[in-house]
Structures are given as C-alpha cells and as structure tokens.
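Below is one structure; the comments refer to it alone.
Keep in mind the model is a prediction, meaning the values are calculated, not measured. Residue indices begin at 1 and follow the sequence shown.
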Amino acid sequence: MPAKKLSEKSARETSAGTKPGSCFVKWVTRAVIAFVVYLACSVLDRVKDRWYVFTPESLHELAQAAVRTHPNDINAIIPYIVSNLSQTYSPSVIAINPNSSEWVLNNAGGAMGAMYVIHASITEYLIIFGTPLGTEGHTGMHTADDYFNILVGEQWAFNPPNLEMEVYRPGEVHHLPRGHVKQYKMHEGCFALEYARGWIPLMLPFGLADVFSSTLDYWSFYHTVRITARENIRNLLIGKI
C-alpha cells in the first residue's frame, strides 16, 4: 500500500511538473496556426481582384441604360438587365441565372424584401433586391464592397456623424465600402441591382441569421441556400472563384 501511494504521488508530481511546458507548447502551436491563417488570408485578400469579372462602373452603366429604356417599370427592367448580361459575358467565363421567376424572401438587419440571384460566386454576387411595400434596417458590416444601383423608387441612408439624409434615386448608385455601416430605408416600390465584390461567404451569416433569431422561415432559408450553393457550384465548375 505505501508503495502504491508513493507511486501515485510521484505520478501527480510528474504530471504537475509537465503541465506548464505542455500549456506553453499548446499556445505556441495555436499562435503559429493563427499566424499562418492570417498570412493566408492576407495573401488571398491581395490577389482576389484577379477573380472579379464584373466592374461597378459597367453595372452602373447597365442600370442607367435600363432605367432610361424602361422608366419606373421593374418588370421590364429585370429582363433587360439579364438579357444584356447574358449577351455580354460568355457562359465559359461566368454563370448567369436566367430564371427571373426565382424570387426568395429575405430578412436581414431588420429589413425585409425579396431577392432574385443573378450571379453568386466566392468573390462576387449580383442580385435584384426590393419590395413594393417599403422597408428599413441596418446595412450590416461586410467583408465586401456593396454597390446598390437604384432601378425604381428611392432609397435613403443615414451615416453618422453626418446628420443629413443621403438620397438615392433611379440611375444612382449607393456605394457601401467594406467595413462601413449605415441605416437605410427603401420606400414603397423600391428595387435595386445590388452588386457585392469581396469575400461573399462571410456575408452569409448576416443574410441568414434572422431565420434563427426571429422569422423561423426555414422554407426561404432552404431556397436561399439551395440557389446560392447551386450558382456557386456552377461558377466553380468553369473556374470562376
């Protein structure tokens, strides 16, 4: 019995003696992993521009042309935009979703509307977003630049400490740089061509969180995930990241 107790005591002392060193190794390992991840993300962030196909300028010009051709007619503007994109960009370069009947309700940042996903990939997305009823909410803080091209209706924005209201009308673009936040309001009948460029997957939690915290609209969640995944896969298969 004394020998057994002595052995157990010795084992505890040995274990206690090795704990500080073991903890140090664990923290060093974690620090190295964190540094490698940070380094990889930094490198990818610097080279992500090579994967962009759209440009904010060309999409703004397209939105303005659509507004001039079909003023205040969102049902004519949408096919005009999709047709133009399909003719401009080869399907071997970028995948466009031509099904303009594929609308999904979306709640994000307290605002509610519906969206039609024209394009979705790792570094870019292009959607039509809006509502005939009007809505208001928080833009969210994102890892991508967001360009909101107003097609019909009017959008207001508030960006403190600037206490004056920003107003965006058809043909105008509201640019939200990545890392910035605002309050915004879309009036009745407002629809926009929204283009984001950056790390799109990191925007998904903002776009889907309301499903779990308030709406419980799992049907819309399912369709959002299904369409987004399908379009990402279509683009990855042709080499579009």
Side-chain angles (χ1 to χ4, degrees), residues 44 48 51-54 59 62-63 66 74-75 77-133 135 137-149 151 176 178 184 186 190-241:
L44 288 172
K48 68 180 182 301
W51 297 311
Y52 296 152
V53 173
F54 300 121
L59 291 173
L62 174 58
I74 190 62
N75 290 306
I77 286 176
I78 293 173
Y80 179 94
I81 289 174
V82 175
S83 175
N84 184 285
L85 291 172
S86 299
Q87 293 173 19
T88 303
Y89 299 97
S90 168
S92 64
V93 174
I94 193 168
I96 303 293
N97 176 21
N99 186 5
S100 59
S101 65
E102 206 167 42
W103 286 85
V104 182
L105 286 173
N106 178 260
N107 291 74
M112 181 176 183
M115 65 177 179
Y116 155 43
V117 179
I118 299 174
H119 168 78
S121 61
I122 302 298
T123 57
E124 294 177 286
Y125 82 66
L126 185 66
I127 67 173
I128 303 289
F129 177 81
T131 169
L133 306 180
T135 192
H138 193 292
T139 60
M141 182 179 289
H142 302 298
T143 54
D145 283 271
D146 190 87
Y147 300 85
F148 216 70
N149 295 273
L151 301 174
L176 182 72
R178 71 174 185 170
Y184 76 98
M186 298 176 71
C190 183
F191 286 84
L193 177 69
E194 183 179 4
Y195 169 58
R197 50 164 31 192
W199 298 114
I200 305 305
L202 297 178
M203 300 177 72
L204 291 177
F206 171 78
L208 299 174
D210 278 19
V211 172
F212 304 101
S213 63
S214 62
T215 69
L216 304 181
D217 183 4
Y218 296 111
W219 190 242
S220 293
F221 172 82
Y222 162 72
H223 285 299
T224 301
V225 172
R226 176 181 63 83
I227 294 168
T228 303
R230 183 194 69 202
E231 295 305 309
N232 269 273
I233 291 170
R234 288 181 64 210
N235 280 282
L236 286 171
L237 290 175
I238 58 174
K240 168 66 176 83
I241 296 177

>> Show, in sequence, the C-alpha distance, side-chain angles and deciding distance for I227 and V104, and conclude whether the side-chain contact (heavy atoms from CB on, under 4.5 Å) test is met.
In response: CA-CA 9 Å; I227 294 168; V104 182; 3.7 Å; yes
> Do the side chains of M112 and T131 get nearer than 4.5 Å, heavy atoms only?
Replying inline: no
> Can you tell which of N99, I128, I127 makes a side chain to side chain contact (heavy atoms under 4.5 Å, CB included) with I118?
Replying inline: I128
>> I need the minimum non-hydrogen distance between L151 and A63, along with the two atoms involved.
In response: CD2-CB, 3.9 Å
> Parallel under 30°, tilted from 30 to 60°, perpendicular over 60°: which one fits the rings of W103 and Y116?
Replying inline: tilted
>> Please check this pair: side chain of N149 against backbone of L193, looking for a donor-acceptor N/O pair closer than 3.5 Å.
In response: yes
> Within the side chain of N235, is there an N or O that forms a donor-acceptor pair under 3.5 Å with the backbone of A120?
Replying inline: yes
> In Å and rounded to the nearest 0.5 Å, what is the CH2 to OG1 distance from W199 to T123?
Replying inline: 7.0 Å
> Can R197 and Y147 be said to form a side-chain contact (heavy atoms from CB on, under 4.5 Å), step by step?
Replying inline: CA-CA 9 Å; R197 50 164 31 192; Y147 300 85; 4.1 Å; yes
>> Can you see whether T228 engages N232 through a side-chain donor-acceptor pair at a distance of less than 3.5 angstrom?
In response: no
>> Measuring from atom CZ of F191 to atom CD1 of I74, what distance do you get when rounded to the nearest 0.5 angstrom?
In response: 6.0 Å
> Minimum heavy-atom separation for G140 to L176, with atom names?
Replying inline: O-CD2, 4.2 Å
> Going by an N to O cut-off under 4.0 Å, is there a salt bridge joining K240 and E231?
Replying inline: no
> Partners of E194 by salt bridge (charged side-chain N to carboxylate O under 4.0 Å, His left out), sequence neighbours excluded?
Replying inline: none
>> With rounding to the nearest 0.5 angstrom, report the CE to OG distance, M115 to S220.
In response: 9.0 Å
>> Evaluate M203 against H142 for side-chain contact (heavy atoms from CB on, under 4.5 Å), listing each step before the verdict.
In response: CA-CA 6 Å; M203 300 177 72; H142 302 298; 3.7 Å; yes
> In Å and rounded to the nearest 0.5 Å, what is the OG to CG distance from S213 to L208?
Replying inline: 11.0 Å
> H119 and ring pair (Phe, Tyr, Trp, His ring centres under 6.0 Å): which partner among Y89, Y52, F54?
Replying inline: F54
>> Just verifying a value: how many Å separate N97 CG and S86 OG, rounded to the nearest 0.5 Å?
In response: 9.5 Å
> Which atom names give the shortest non-hydrogen contact between Y184 and A111, and what distance separates them?
Replying inline: OH-CB, 3.1 Å
> Got F129 and N106 here, is their nearest side-chain heavy-atom distance under 4.5 Å?
Replying inline: yes
> Are any of the side-chain heavy atoms of I122 and I241 separated by less than 4.5 Å?
Replying inline: yes
> For F221, which residues count as a ring-ring contact (aromatic ring centres under 6.0 Å, His included) partner, sequence neighbours excluded?
Replying inline: F212
> In this structure, which one of V53, L85, L126 forms a side chain to side chain contact (heavy atoms under 4.5 Å, CB included) with I94?
Replying inline: V53
> Got a second to check how far I200's CD1 is from T143's OG1, nearest 0.5 Å?
Replying inline: 7.0 Å
